[in-house]
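Per chain, numbering begins at 1; letters A, B, ... match sequence-line order.
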Protein chains: 2
Amino acid sequence: MPELPPGVDVLWGRREPAKRGPRPNLSIEQIVDAAIEIASAEGLGPLSMNRVAEKLGKSAMSLYRYVRTKDELLQVMTDVCAVKNAPPEPDDDAGWRPNLERWAYELVGLYRRFPWVLHVPLGPTPPVGPGQLTWLDRGLGCFRRTNVPSELRLGVVMLLLIFIRGQVRMAQEVNQGAAGAALGYPAYGEMLRLVVDKDQLPDLARLVDEGMFDDPEEGMSEQELDMEVRFGLTMIFDGIERLVAGYEEEQ
Amino acid sequence: MPELPPGVDVLWGRREPAKRGPRPNLSIEQIVDAAIEIASAEGLGPLSMNRVAEKLGKSAMSLYRYVRTKDELLQVMTDVCAVKNAPPEPDDDAGWRPNLERWAYELVGLYRRFPWVLHVPLGPTPPVGPGQLTWLDRGLGCFRRTNVPSELRLGVVMLLLIFIRGQVRMAQEVNQGAAGAALGYPAYGEMLRLVVDKDQLPDLARLVDEGMFDDPEEGMSEQELDMEVRFGLTMIFDGIERLVAGYEEEQ
DNA sequence: ACCAATTAGCGTAGGCCATAAACAGTTGGG
DNA sequence: CCCAACTGTTTATGGCCTACGCTAATTGGT
């Protein structure tokens, strides 16, 4: 059996319990839960091995009996997060589009509830944890009653995964900017007015003049965020629809 | 005049030169160039203030006369990168789609040439540097000869920015995985076969059986990468086309 | 001509961080 | 009972960013 990348054995419960030695006073679940709690409350920045251990009343080094490295902990955290927030089961009576739309908006909700997931650095391999693979599977499952070829299914689901990740992250960025505005920086629209030149950036200048960048700084409501996502997703789904039109319902 | 966020004054050349004191033996351009060189060659990980200073034959602390913080350096680096690789000028005789497609593929090329840009942490505000704003402007400019409303223009260009960022980053991830495969991990398809259960992840299992995850591990060629991007972009552009169809060429 | 103000570059040091290595205490198998 | 395995801790190393203070260079004002 070849060696698996870090964290995979943990996630799939393939780590054999120790036979000899003192009984563990800690568990991976506790560690991961504590880490998730910190990250959810304060972000990835303040998440250090020391903080996690402190929260558990243990020493920092004790964690390394359960986790090979901090990066492994991060990878496991993200997958556990996906396990605890499972994707919706596709409804075989509905069409692929409503199913996939529900899947997409659930994913948006997950990223919005756990923003730090978007900042976890990429692991040494593509995702192989049960959580992320389940999300992938349920996305693919939306095409179960169609004849869409496999490559297209994978392409479409990947496209959605990528876009949703990016979109929610961008929304975070804007919100973060609004927070910085409270710290003394001028609002985004204000700053653009200071630097955007009508001759050098004419098309952008027009939008700035129309005040298109003025409102979002006030801290977008969830509704507005939803709107942004909805816009992009609608466009993508329209594209998908044209692409898979020929294969639909040809059981 | 309100205080601008870090780096903006530098990028727009609004920092007044010192009147008194010894002449600077260094310049922001040199520092940024050196940093970009390091990041391009080895990535963001080995990029430390010490490395940059070392490359310039100076001490680490001397850099702080030109840059307020390391994060400011990173923000400036990304924008300078965008300045030196300017977007294409839209051709007023062509339609919006070919123009926007050229713009999109140029952006793909930029991210592929400077992968570290995708890993620069987000700044305290949305981008306000001349480089990034120029890219935004040229994207918007593709709709110059249409009547597409401003909100839609912005939405479309944002959608493309987000998707391209995510897609290229994902491609990097896969390539990185292939590199890790050389380090002893089994190939991605191999790993999936180890963990994917036919009962729990049926739709994914089918793709795994078909060998859909087997080839990309060999280190995708540029051609293949282009294919992946092209697939997603085609889908998006089809969606955009439907969305803006009503406004086209109604001068 | 000269002093005071300003600035460039550097050395030191402090406070974080991840983690390698050695050690003390606990447990089950032979 | 004793050894081997295992847990949790202590200690130590090396890296990082950067606050602070110093020296030396340069210039404006008088």
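As a whole-Å value, the separation of A:R23 CZ from D:dG8 C1' is 15 Å. Taking atom CG on A:L73 and atom P on C:dT19, their separation rounds to 10 Å, with Å as the unit. As rounded to whole Å, 12 Å separates atom C1' of D:dT18 from atom NZ of B:K70. Atom-to-atom, CG of A:L56 to C1' of D:dG8 comes out at 13 Å; the value is rounded to the nearest Å. We find that CE of B:M49 is positioned 16 Å from C1' of C:dG11, with the value rounded to whole Å. Look at CG on A:L63: it is 13 Å from P on C:dC17, rounded to the nearest Å. Between the CG atom of A:L47 and the P atom of C:dC16 there is a distance of 16 Å, rounded to whole Å. Remark: C1' of C:dG15 and CG of A:N50 are 12 Å apart, rounded to the nearest angstrom.
Contact annotation: B:T69 reaches the phosphate of D:dT18 (side-chain N/O to OP1 or OP2, under 4.0 Å). Contact check, A:S62 against D:dT7: no side-chain N or O comes under 4.0 Å of OP1 or OP2.
Of the candidates C:dA18, D:dT18, C:dT7, the closest approach to any side-chain atom of A:Y64 belongs to C:dA18. Candidate nucleotides D:dA5, C:dG9, D:dT18 were compared by shortest atom distance to the side chain of A:R20, and D:dA5 ranks first. Of the candidates D:dG21, D:dT7, D:dT10, the closest approach to any side-chain atom of A:S59 belongs to D:dT10. Among the nucleotides C:dT7, C:dA18, D:dG8, the one closest to any side-chain atom of A:L26 is D:dG8.
Within the 3.5 Å criterion, the main-chain N or O of B:W135 finds a donor-acceptor partner in the side chain of B:W103.
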Can you list, pair by pair, the side-chain donor-acceptor contacts under 3.5 Å of residues 51-61 of chain B, counting residues two or more places apart and other chains?
| from | atom 1 | to | atom 2 | distance (Å) |
| --- | --- | --- | --- | --- |
| B:R51 | NH2 | B:E42 | OE1 | 3.3 |
| B:R51 | NH2 | B:E42 | OE2 | 2.3 |
| B:S59 | OG | B:M61 | N | 3.4 |

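Residue whose closest nucleotide on DNA chain D sits further toward the 5' end, between B:R51 and A:P24: A:P24. Between A:K19 and A:K58, the residue anchored closer to the 5' end of DNA chain D is A:K19, taking for each the nucleotide with the nearest heavy atom.
Residue-level contact check: B:M61 touches the bases, meaning some heavy atom is under 4.0 Å from a base atom.
In this structure the side chain of B:I28 reaches within 4.5 angstrom of the side chain of B:V32, judged on heavy atoms. Proximity of B:I164 to B:L233: side-chain heavy atoms (C-beta onward) are separated by under 4.5 Å at one or more points. Side-chain contact between A:P130 and A:D79 is present, with heavy atoms from C-beta onward closer than 4.5 Å. Looking at B:V108 and B:V168, their side chains come closer than 4.5 Å, going by heavy atoms from C-beta outward.
The heavy-atom pair separating A:A205 from A:D197 by the smallest distance is CB-O, 4.4 Å.
Under 3.5 Å, the side chain of A:R65 and the base of D:dG8 form at least one donor-acceptor pair of N or O atoms.
Atom-to-atom distance recorded for A:L47:CG and A:E37:CD is 11.5 Å, nearest 0.5 angstrom.
Residues from residues 28-40 of chain A that place a heavy atom under 4.0 Å from any atom of DNA chain C: there are none.
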